[in-house]
Structure formats: C-alpha cells, structure tokens
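Everything below concerns the one structure shown next.
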Amino acid sequence: MGRAPAIRPFLLTAGRVSGSGTAPPLPVETQIVATSDGLSALRSLTFERRDIVAACRRPQSVAELAARLRLHLNVVRVLTEDLCTAGHLAVHVPDAGTVHDISVLRRVIDGLRAVPDSRGSLRDSG
C-alpha cells in the first residue's frame with residue numbers, strides 16, 4: 001500500500017469543490033492554457049498554482065494536467081477555475097457535439113490499442 005499524500009486534497013482547495021457555484025465542474029477534456037498574464041505572474045504564484053500555470057505553457061486537458069502534476073482531478077478543477085478567474089489561464093471547453101461523436105471515441109480506442117504494453121506487444125484489438 002502506498003503512502004498517503006502529505007497534504008490532503010481538501011486542504012489545497014480550502015474545502016471547495018469544482019462546480020459548486022452556478023456552473024458545472026469542468027469536463028476532463030477541457031483544454032487549458034496559460035495566458036501571458038499568468039506567465040508573467042509565475043513568480044508571485046504559490047505551489048500548485050504556479051505548477052499548473054507553468055505546465056500550461058502549451059494547451060492540455062484537465063485530465064492530462066492532473067496526471068502530469070500528480071494532483072487529484074477535483075483539486076486541479078478548483079485551482080484551474082481560480083486561475084481562470086484571476087486571468088492566469090484560458091479555458092476552452094470542447095463543443096459537446098464533438099465530445100459525443102462516436103468516430104472520435106473510436107479513433108481514441110484504436111490509438112490506445114496501438115500502444116504497446118510493458119512487454120512490447122500490442123493490446124488485444126478485439
């Protein structure tokens with residue numbers, strides 16, 4: 001069993017949850033990118049906020065960012081919302097029609113199956 005993180009997720013967000021206002025939580029496929037104001041403010045940002053803005057020099061999804069920084073998905077959502085409100089990040093929510101397009105999902109599945117496993121063999125294509 002792995003060690004528990006040193007700081008509990010609810011401490012990073014002061015107990016807040018994503019989408020607790022009038023808007024729903026950011027979808028995991030939402031693309032986020034640092035703004036020029038955000039990059040200029042890097043030295044004044046603290047800890048996870050700085051890491052998020054620095055990691056978003058290139059657009060990436062909320063899910064990718066959470067995995068890259070090894071942060072809980074909902075922590076990334078809350079901090080991303082805060083950073084967007086402050087003008088440090090730009091958020092681009094994908095068109096709902098594209099997100100539910102079966103051809104996009106099929107291409108993602110096919111791409112994942114084409115990735116070799118740890119033994120170097122391709123995953124089952126069925």
Side-chain angles (χ1 to χ4, degrees):
M1 181 183 251
R3 290 180 13 168
I7 299 176
R8 305 300 292 167
F10 64 86
L11 292 174
L12 296 173
T13 64
R16 295 175 298 133
V17 295
S18 180
S20 59
T22 58
L26 290 173
V28 296
E29 67 274 7
T30 299
Q31 296 290 302
I32 51 177
V33 65
T35 63
S36 57
D37 289 344
L39 294 173
S40 297
L42 270 176
R43 291 180 185 223
S44 66
L45 297 173
T46 57
F47 308 110
E48 290 79 15
R49 287 171 176 80
R50 179 183 54 238
D51 294 344
I52 289 172
V53 173
C56 289
R57 286 185 169 99
R58 292 190 174 185
Q60 59 188 299
S61 71
V62 172
E64 291 170 316
L65 185 60
R68 181 176 182 188
L69 298 177
R70 296 178 182 232
L71 290 172
H72 191 281
L73 180 61
N74 286 326
V75 168
V76 171
R77 283 177 166 157
V78 170
L79 297 180
T80 297
E81 290 168 0
D82 292 349
L83 290 163
C84 184
T85 300
H88 300 311
L89 292 177
V91 175
H92 305 282
V93 179
D95 177 29
T98 303
V99 172
H100 295 105
D101 183 350
I102 192 70
S103 67
V104 173
L105 295 174
R106 175 55 54 199
R107 288 194 311 267
V108 169
I109 291 168
D110 291 344
L112 290 172
R113 286 185 175 145
V115 175
D117 65 14
S118 61
R119 299 173 303 218
S121 55
L122 295 178
R123 289 172 169 71
D124 181 358
S125 61

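Note that the coordinates shown come from a computational prediction; the quantities given were computed from them, not determined experimentally.
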### Query
Side-chain contact, heavy-atom cut-off 4.5 Å: Glu48 with Leu69?
no
### Query
What's the shortest heavy-atom distance between Ala55 and Leu65, and which atoms?
CB-CD1, 3.6 Å
### Task
Nearest 0.5 Å please: distance from the CD1 atom of Ile52 over to the SG atom of Cys84.
12.0 Å
### Message
Among residues at least two apart in sequence or on other chains, which ones pass side chain to side chain contact (heavy atoms under 4.5 Å, CB included) with Ala90?
### Response
Val33, Thr35, His92
### Summary
Leu83 and Arg49 have their tightest heavy-atom pair at CD1-O, 3.9 Å
### Message
Quick one, Val28 with Arg77, criterion side-chain contact (heavy atoms from CB on, under 4.5 Å). Give me CA distance, side-chain angles, the key distance, then yes/no.
### Response
CA-CA 9 Å; Val28 296; Arg77 283 177 166 157; 3.4 Å; yes
### Query
Going by the side-chain hydrogen bond (donor to acceptor under 3.5 Å, both in side chains) test, which pairs reach into residues 57-69, not counting sequence neighbours?
Ser61-Glu64
### The single option from Thr85, Val53, Thr30, Leu89 passing side-chain contact (heavy atoms from CB on, under 4.5 Å) against Thr80
Leu89
### Query
Taking atom SG of Cys56 and atom NE2 of His88, what is their separation to the nearest 0.5 Å?
12.5 Å
### Task
Measure the shortest side-chain to side-chain distance between Ile32 and Pro59 over non-hydrogen atoms and say whether it is less than 4.5 angstrom.
no
### Query
Could you give the distance from CG (Leu71) to CG (Asp51), rounded to the nearest 0.5 Å?
7.5 Å
### Closest heavy-atom pair and its distance - Ala54, Leu42
N-CD2, 3.8 Å
